Each structure stands twice: as C-alpha cells, then as structure tokens.
Amino acid sequence: MCFCRCSSMIYEFDFNFDSLYIVVQIHPQMKSISNYKAKFIPGITAVTVQSLLHIHHQAPANPFRSTLPITQLDDFTAACYRRDLPAAMKALSFMQKHQIWADSVTYSELIKCCLARGAVQEGKLVHKHVFSAGYQPKTFLINTLINMYVKFNLLDEARALFDQMPERNVVSWTTMIAAFCNAGMKHEALKFLIFMLRNGVRPNMFTYSSVLQACSGLPSLKQIHCSITKAGLDSDVFVRSALIDNYSKWGELPNALTVFNEMETRDLIVWNSVIGAFAQNSDGDEALNLFKHMKRCRFLADQATLTSVLRACTGLALLELGRQVHVHVLKYNRDLILSNALLDMYCKCGSMEDARFEFTRMMHKDVISWSTMIIGLAQNGFSHEAIEMFQVMTSSGTKPNYITILGVLFACSHAGLVDKGWSYFQSMEKDFGVKPGREHYGCMVDLLGRAGKLNEAVELIHNMEAEPDAVTWRTLLGACRIHRNMDLAAYAAKRVLDLDPDDAGTYTLLSNIYVNTSRWEDAEQVRKVMKDNNVRKEPGCSWIEVDKQIHAFVLRDSSHPNIDEITRKLIQYVQRLREVGYVPDTSFVLHDVEGEQMEDPLLYHSEKLAIVYGLMALTKGKTVRIRKNLRICGDCHLFAKLLAQMEDRNIVIRDPIRYHHFQGGVCSCGDYW
DNA sequence: CTAGGGTTAG
C-alpha cells in the first residue's frame with residue numbers, strides 16, 4: 001500500500017511492480033472507482049493518478065488543473081484517445097521538455113494513431129521521447145514501436161530496436177518473424193524462430209501462422225506441422241489457413257483438404273484458402289465444388305473468393321460460368337486483383353472482345369493488367385495489337401517488368417517479327433531496366449528457331465548469360481523438328497537429356513532421328529539408355545465432354561466402351577484426309593528397330609481419339625465441349641481443322657492457345673510444339 | 001495491451 005498526496009486529496013494505491021498492474025483505490029471521497037486496474041509506470045506521481053482517472057472519464061472536478069504539468073498530461077492523454085495527432089504531439093513536446101511521462105497504454109494509443117495516418121516523423125519523435133533519460137519503456141511499449149517501424153517498412157529501425165531490448169517476449173519475436181516473412185526474407189524468419197526457441201520463448205499460434213509463410217517452399221513444413229499439433233495450437237483458424245496455403249504451395253492437395261476437413265468452425269478466409277489451393281493447382285473442378293459447398297454453408301463470397309473462382313474458370317475455359325461470376329464482380333469493381341483475374345479469364349477463354357471491353361472500363365491499371373492484355377492478345381493471335389498495346393503502356397508511364405517483356409517477345413515470335421523482337425531483346429535492359437533472363441533467351445531461341453534461323457538460335461544459346469536449361473534446349477529441339485534439321489536436333493536432344501535424363505519424349509525423338517538417318521546403332525543405344533534408366537513414356541491422356549459426361553482417352557487403353565468404333569472411324573478419317581493431302585506426323589512414336597510389331601502410330605494419339613469421338617457425338621446431335629484444349633499440338637490441330645472442313649458441319653476450330661508458350665513444351669499426346 | 005491467415009500476368 002502506498003499513499004500519494006496531491007494538494008488536499010489523498011490517494012491510496014496497491015501496486016505491483018512485477019506484473020505492471022496497479023490497483024488504484026481512491027480515497028472514500030471518490031468511491032466511484034474501486035479495484036480499478038490500469039497500467040502502471042514506475043515513479044508514480046500525482047500526475048499519473050490524474051491521467052488514470054482521466055482515461056476512464058471518471059475524473060471528478062479536480063483541484064489540480066491549476067498546475068501546468070498536470071494540465072499538459074491531461075491534454076496529451078485526451079488527445080491520444082481522441083486520435084488528435086497534432087494536439088498530442090504538441091503536448092508531447094512540452095512533456096519532453098519538462099520530463100513528464102504518460103503511461104504505456106496512452107503511448108501505444110498514440111503510436112496506433114501515427115500508424116493510421118502514416119505519420120513516420122511523429123512516430124520517431126514518440127520513440128525518442130520514451131527512450132529519453134528518466135524513463136524505461138516496458139517490453140509492451142517497445143513491441144508497439146517495433147511493430148510501428150515494421151508497418152512503416154523501416155525494417156532496419158525495427159531490427160535495431162529489437163536488438164537493444166533488455167527483454168523480449170513472444171510478441172517481440174513474432175513481430176520480427178512476421179516482418180521478415182512480409183519482406184520475403186524467409187531464412188531470416190526461420191533463423192529468428194530458432195533463436196527464439198534457444199532463448200526459451202515458446203511460439204504460440206501467432207508465431208506459427210507467420211512462420212508457416214516462411215516455410216512455403218521449404219521442406220520443413222511437415223516438422224512445423226508436427227510441432228503445432230504437439231503444442232495443441234492446431235485448432236486456430238489462422239494456423240489452419242496458413243497450413244492449407246502451405247500444403248497448396250507444395251501441391252499437396254490431399255493434405256490441404258485434410259487440414260480443412262478436420263476443422264470444426266471455419267471462417268471465410270479458410271474457405272478462400274482451400275478454394276484458392278485447388279484453383280492454383282489447376283484443379284478447377286474441385287475449387288468450384290468447394291465454392292458451391294461454401295455457398296451452401298451460407299458464406300458470402302468476397303474479392304478473394306471470386307478471384308479464385310475466376311481462376312478456376314480460366315483453367316477450365318468455362319467462359320459461361322466466368323460471365324456469371326462477372327456479375328458478382330461488379331460490386332467490387334474497384335478491386336484491381338479481381339479485375340485482373342477477370343481480364344485473364346476472358347483472355348484465356350478466348351473472348352478478346354470482353355477482355356478489351358473490361359480493360360477499357362478499368363479505372364486503374366497496373367503492370368499486371370497491361371501484361372495480361374499483352375499476353376492475352378498474343379496468345380489469341382493478335383500479335384500486332386499486343387505490340388501496340390505495349391507501346392501504349394510504356395508511353396502511359398507504366399513500367400514493364402520481366403513478364404511483360406516475355407509477353408512482347410512472345411508476340412514477336414508468334415508474328416514472325418524477327419527484327420522487332422531482336423531489337424526489344426537488345427534494348428530491354430537499357431530501356432526498361434529488365435535484365436534478359438533465361439526465359440527471355442528462350443523466347444528469342446523460339447523466335448529465331450521458328451523463323452528458320454537455327455544457327456543463330458544455337459549461337460544465342462551458347463552466348464547466354466544464364467546457363468541454358470532443359471527447357472531452352474527443348475525449345476531449340478522443337479524448332480529443329482519444324483525445319484527438319486536432324487543434326488542439330490540430335491545435338492539439342494542430347495543437351496536436353498544431359499539436363500533432364502527422364503524426358504521420355506526426347507529419347508523417342510532422338511531415336512527416331514537416328515532411325516530416319518539410318519544410324520541404327522545409335523538408335524539402339526538410345527533405346528538401351530532409356531531402358532537402363534527405366535524411363536517410360538507417360539501415356540498421353542485427352543478429355544472430351546459429351547452431354548456433360550467426361551470421356552477420357554489414354555494411350556493403349558481400350559476401356560472406353562466405344563473404343564473399337566472410334567478406332568475404326570479414326571482410321572477411316574485419316575485415310576480420307578490422306579487423299580486430300582494430309583500427312584500425319586508420327587515422329588512422336590517410338591519406332592521399333594527390328595520392325596516386329598508396327599502398330600498404326602495414329603492410335604497412339606489420344607488427342608485424335610478424343611477429337612473423333614467428339615465429332616461422332618456431334619453427328620448424333622449431342623453437346624460437345626472440348627476441355628483441356630489449351631495444349632494441343634500442331635498435328636492434332638491440323639487434323640481437327642481438316643476434319644471439320646471435310647465434315648462441313650459448321651464447326652469452328654479456334655487456333656490453339658499456346659498455353660505454356662514461353663517455353664518448349666509437349667502436348668498431351670506427347671508431341672513437341 | 002502490442003504480434004498472425006486467403007486474392008492477379010509467365
């Protein structure tokens with residue numbers, strides 16, 4: 001018990017320095033407050049009591065207003081709680097001069113106020129004030145200051161403050177860990193977790209939900225999940241959504257789903273996490289199912305939900321559903337991320353009219369909006385418009401980035417604009433500050449290669465700054481196939497296999513090249529290596545939707561009920577198309593050197609089986625939708641086009657969208673494009 | 001009483 005005399009009034013205190021709590025009991029004359037709890041600062045004075053009373057609006061008409069310091073502290077406290085920053089700062093400078101201190105809570109209110117207004121200078125003044133001689137800020141207050149610096153993006157200041165703290169609690173550590181995560185400094189974040197454990201501070205759910213961000217892409221996820229479970233912290237929704245998101249980044253959707261399913265109570269963000277997980281891992285169907293489930297549970301979709309739903313539509317090329325989502329997007333039409341997702345949906349679904357309309361309507365556009373349009377135009381065959389769009393973009397003052405320029409180079413490649421592409425490539429670093437990366441080189445190899453300038457393409461690879469990878473060489477290999485340059489193709493194929501020894505398609509191609517050039521021994525050698533390495537060609541698989549039923553065709557798989565009829569039809573169609581000059585490209589099939597069993601190579605083409613089945617269904621008046629139609633090779637596309645022409649059924653076959661267009665790739669039938 | 005989770009272009 002302690003007494004404090006202030007003029008004629010006597011206050012009694014119960015205080016406890018350790019817990020920093022103080023129980024104030026007012027003299028019987030002021031019995032309105034009893035057992036009143038508040039923060040306490042050492043060196044208690046009448047002023048403190050006064051401010052405590054004031055904070056809780058129970059100050060009686062008091063006898064202290066006459067003395068200047070008390071009035072100032074009063075003003076300060078009141079201003080902090082009113083969130084009146086200028087008044088608070090004015091009072092603060094006075095207090096600084098007269099060595100008067102307020103309590104931690106009041107300071108933390110002031111810091112909140114600085115944060116809300118982005119007042120960095122004022123925040124720094126508060127920092128200086130509470131660290132000036134005569135006052136010892138408590139851990140709580142320093143935590144608040146550290147958080148302020150973190151939110152102002154002043155990591156160095158935050159770090160310095162953290163380093164000089166006499167004591168650090170779980171909040172101090174968590175604040176720093178979260179800061180590192182936000183800045184993308186994963187390793188620092190994990191290092192701090194380890195230091196924290198060494199210092200004997202136990203992480204809580206706040207810590208883990210941050211730490212999990214730092215683990216994305218690191219193999220320690222399982223360990224962390226275990227510690228969370230052991231510590232009994234896995235019932236927290238924040239931790240759960242972070243876990244879901246993490247498993248999603250590893251592509252471990254079953255684990256993500258388990259974490260989700262085990263939850264008793266869910267909130268919107270957890271729903272968004274799990275829907276996003278499936279949408280991002282190109283399982284649009286499951287994402288949409290979850291979305292339906294979410295609506296049945298009476299949750300209302302927000303921007304993040306709709307963004308993921310749009311992404312699911314994009315992956316499935318579900319233009320109609322995308323349009324329906326668009327209606328809901330209208331209510332958030334100022335959300336840039338959502339608008340960009342909508343743009344991309346229209347582009348990827350091939351509706352450039354809608355995309356252009358949306359783009360024009362958008363009030364704010366960022367580099368992603370522009371890039372989406374440039375890439376969308378280029379993918380849909382409007383290469384020149386894409387390049388014009390890029391010029392409008394740069395003159396409108398938006399700085400292009402790595403991806404934008406990839407899109408522009410792709411547009412040039414698609415349109416065969418060798419010189420233009422080359423000049424963009426050469427000046428990109430000077431003009432836009434983007435250093436050409438491996439993928440830009442890959443685009444140029446594609447551009448030169450498609451244009452038949454194979455030697456220049458090789459030379460470019462040899463002069464690359466970054467090391468060429470398997471994709472780079474595969475791009476060259478694709479170009480060699482187009483231009484039938486066997487020698488260079490063999491060279492490129494070997495480079496691919498050096499870097500990616502499991503690439504079955506490339507073995508096949510290399511072996512075929514040797515067969516075609518009568519180098520039987522080399523061909524045999526390739527087949528042997530393939531066998532020794534136990535490399536198997538992944539069976540291609542194609543889907544087609546007929547009357548809302550999905551029909552899958554897998555290589556050598558005869559489980560489809562109509563497979564015999566479809567096969568007969570395919571052979572028939574190919575025969576008829578051959579008569580009009582179609583030469584099927586069968587270089588993807590592994591030739592048998594001994595020539596023992598030469599099956600019709602066309603039957604290996606699951607894509608063609610799907611196309612034929614679709615056509616048969618159309619003839620019967622059914623509704624056919626081609627799904628996963630974004631990766632179709634040149635031969636299958638040609639086949640479909642000729643078939644449509646021949647049948648004259650008014651079928652429109654769109655030019656294929658080269659989905660993984662910046663790199664050499666393989667279509668689902670195993671062919672290069 | 002300070003600290004934590006989900007959303008867009010390749």
Side-chain angles (χ1 to χ4, degrees), chain A residues 20-21 37-39 103-109 111-112 115 138-148 150-151 169-179 181-182 203-213 233 236-246 248 267-277 279-280 301-311 314 332 335-345 347-348 365-376 378-379 400-410 437 439-440 442-443 658-663:
Chain A
L20 301 180
Y21 278 95
K37 272 188 166 182
K39 282 289 142 6
D103 63 307
S104 302
V105 183
T106 311
Y107 287 129
S108 83
E109 287 299 321
I111 293 165
K112 266 187 217 161
L115 259 176
K138 287 294 159 194
T139 309
F140 158 70
L141 183 52
I142 306 179
N143 287 344
T144 311
L145 278 169
I146 292 177
N147 180 51
M148 177 190 79
V150 168
K151 296 285 144 66
N169 62 17
V170 61
V171 178
S172 329
W173 288 100
T174 303
T175 308
M176 288 312 291
I177 290 173
C181 288
N182 270 323
N204 62 14
M205 51 260 230
F206 285 81
T207 323
Y208 278 122
S209 51
S210 285
V211 162
L212 279 168
Q213 269 198 60
L233 297 172
D236 189 72
V237 270
F238 283 69
V239 171
R240 289 263 171 175
S241 55
L243 276 171
I244 292 170
D245 191 50
N246 246 282
S248 150
D267 67 0
L268 180 60
I269 293 188
V270 184
W271 277 106
N272 287 347
S273 305
V274 76
I275 293 172
Q280 282 159 13
D302 73 350
Q303 295 99 304
T305 326
L306 293 177
T307 306
S308 289
V309 171
L310 278 176
R311 182 155 169 169
T314 307
Y332 302 108
D335 188 291
L336 194 53
I337 297 179
L338 185 53
S339 304
N340 288 343
L342 186 67
L343 265 191
D344 190 46
M345 185 276 294
C347 288
K348 292 287 168 16
K365 304 174 175 82
D366 66 355
V367 62
I368 295 187
S369 329
W370 288 98
S371 308
T372 306
M373 277 311 279
I374 291 168
I375 291 160
Q379 282 179 327
N401 64 16
Y402 192 96
I403 295 170
T404 323
I405 297 179
L406 271 182
V408 175
L409 294 181
F410 171 68
E439 291 156 300
H440 295 108
C443 246
R658 288 205 278 154
Y659 202 44
H660 300 113
H661 53 274
F662 297 147
Q663 12 183 289

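Only heavy atoms go into these numbers, but all of them, side chains included; no hydrogens, no water, no symmetry mates. All values derive from a computational prediction rather than experimental measurement.
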Distance test, side-chain N/O of A/Lys348 to OP1/OP2 of B/dG10, below 4.0 Å: yes
Contacts of A/Ala179 that satisfy side chain to side chain contact (heavy atoms under 4.5 Å, CB included) - sequence neighbours left out: A/Val150, A/Leu155
Under 4.0 angstrom between A/Gln280 side-chain N/O and B/dT7 OP1 or OP2: yes
Euclidean distance, atom CH2 of residue A/Trp271 to atom C1' of B/dG5 [Å, nearest integer]: 16 Å
For A/Thr404, all residues meeting side chain to side chain donor-acceptor pair (under 3.5 Å), sequence neighbours excluded: A/Ser371, A/Asn401
A/Phe206 side chain, from C-beta outward: closest of B/dT7, B/dG10, B/dA3: B/dA3
Touch class at under 4.0 angstrom, heavy-atom based, for A/Asp335 against every strand present: nothing
Residue A/Val171, side-chain atoms from C-beta onward, closest of B/dG10, B/dG5, B/dA3: B/dA3
Sugar-phosphate, base or nothing in reach of A/Val150, heavy atoms under 4.0 Å: nothing
Sugar-phosphate, base or nothing in reach of A/Met205, heavy atoms under 4.0 Å: base
Nearest to side-chain heavy atoms of A/Phe140, which nucleotide of B/dG5, B/dC1, B/dA9: B/dC1
Side-chain donor/acceptor of A/Ser209 to base of B/dG4, under 3.5 Å: yes
Check: B/dG5 base within 3.5 Å donor-acceptor of A/Asp236 side chain: no
Working for side-chain contact (heavy atoms from CB on, under 4.5 Å), residues A/Leu306 and A/Tyr332: CA-CA 10 Å; A/Leu306 293 177; A/Tyr332 302 108; 3.8 Å; yes
Euclidean distance, atom CG of residue A/Asn401 to atom P of B/dG10 [Å, nearest integer]: 12 Å
Atom pair distance, as rounded to whole Å: OH in A/Tyr402 and C1' in B/dA9: 14 Å
Under-4.0 Å side-chain N/O to phosphate OP1/OP2 contact, A/Asn147 with B/dT2: no
Base B/dT2 paired with A/Thr144 side chain (donor-acceptor, <3.5 Å): no
Sugar-phosphate only, base, or nothing, as touched by A/Val239 at under 4.0 Å among non-hydrogen atoms: base
Atom pair distance, as rounded to whole Å: CD in A/Gln303 and P in B/dT7: 13 Å
side-chain N/O A/Arg311 vs B/dT8 OP1/OP2, d < 4.0 Å: yes
Distance test, side-chain N/O of A/Gln213 to OP1/OP2 of B/dG4, below 4.0 Å: no
Short side-chain N/O contact to B/dA9 OP1/OP2 from A/Lys365, under 4.0 Å: no
